[in-house]
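Working notes, structure below.
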Amino acid sequence: MRITGVPAGWPATEAAARAVQDELRGRVVLDEPGPPPGTGRVTGVDVAYDDARDLVAAAAVVLDAATLDVVAEATAVGRVSFPYVPGLLAFREIPAVLAALEALPSPPGLVVCDGYGLAHPRRFGLASHLGVLTGLPSIGVAKNPFTFTHDDPPRARGTSAPLRAGGEEVGRALRTRDGTRPVYVSVGHRVSLDNALAHTLALTPRHRLPETTRRADALCRRALREAAQGQFAGPGQDSSTDPSPDSSTRQAPTS
DNA sequence: GCGACAG
DNA sequence: ATCTTGTCGC
């Protein structure tokens, strides 16, 4: 599978991007509980950038929700499609993420994003946007606070405090390890907030961040530096150094 | 008007 | 996100 730098019809201005969010926002499904935590598959997605070389690399890593073992993974490399603008992160990350998800050899199940879903200025962050475009259940687990107010949850793992915006609860600050900073969980698409929290706790038996995002982060960084090396080597006869957008897939060793 | 602001 | 050494702690 190949991806282009910027998909046809992709918004080119901030105003156009906001208009897309306002139009797609209504397609978010909030009345489904989502898949039961600890069962089926859970997929982490993440993106790494090399703005100087205009390169972007995305990774999708599928885990068995019960064992957290890697079941499958895929990467996609392309050109940057949008600058980083708070509130418009999805337009920067989604093209590459979609390409990586499409390159997977097996169904993603629940998608865990690095960022926000409903806890967004227009209630349509990356996790919700990706969920609507794919139809997959999705949640957002962010490392840093964004547009909302909240109190710090108690010190113990498993405790949480509401994320409030415009009087409504748009997510929860969740402590995934005793004494460490909380992560910020919000619903993306077709998952309840309680289930999003339960999934996040199931994915953090040992670290602050979910295993899904840790795996995806490591993989997209590796894909990026390999792509950068290929570009540095320049166009050649060796297919492994081809600079054109590309993606790859791998099945986890079975048994 | 000014500051803040996922990755 | 990314630039970056050593260092404190589980």
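Quick note on labels: first sequence line is chain A, next is B, and so on, each numbered from 1.
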message = Quick test of your reading of the model: are Arg172(A) and Asp194(A) salt-bridged, counting only N-O distances below 4.0 Å?
response = no
inquiry  = Any side-chain N or O of Arg177(A) below 4.0 angstrom from OP1/OP2 of dC10(C)?
reply    = no
query = Can you give one letter per nucleotide of nucleotides 2-7 of chain B, 5' to 3': B if a protein heavy atom sits under 4.0 Å from the base, S if only from the sugar-phosphate, - if neither?
reply = ---BBB
query = Over how many whole Å does the gap from Asp50(A) atom CG to dT2(C) atom P extend?
reply = 9 Å
ask   = Between Arg27(A) and Phe124(A), is NZ or CZ placed under 6.0 angstrom from the six-membered ring centre and within 45° of the ring axis?
value = no
message = Between the side chains of Asp22(A) and Arg18(A), is the shortest nitrogen-to-carboxylate-oxygen separation below 4.0 Å, so that they form an ion pair?
response = no
inquiry  = Please classify the nucleic acid contact of Arg206(A) as base, sugar-phosphate, or nothing, using heavy-atom distances under 4.0 Å.
reply    = nothing
message = Quick check: is Leu24(A) connected to Tyr116(A) through a chain of hydrophobic side chains (ILVMFWY, heavy atoms under 4.5 Å apart)?
response = no
ask   = Should the pair Glu226(A)-Arg222(A) be classified as a salt bridge under the 4.0 Å nitrogen-to-oxygen rule?
value = yes
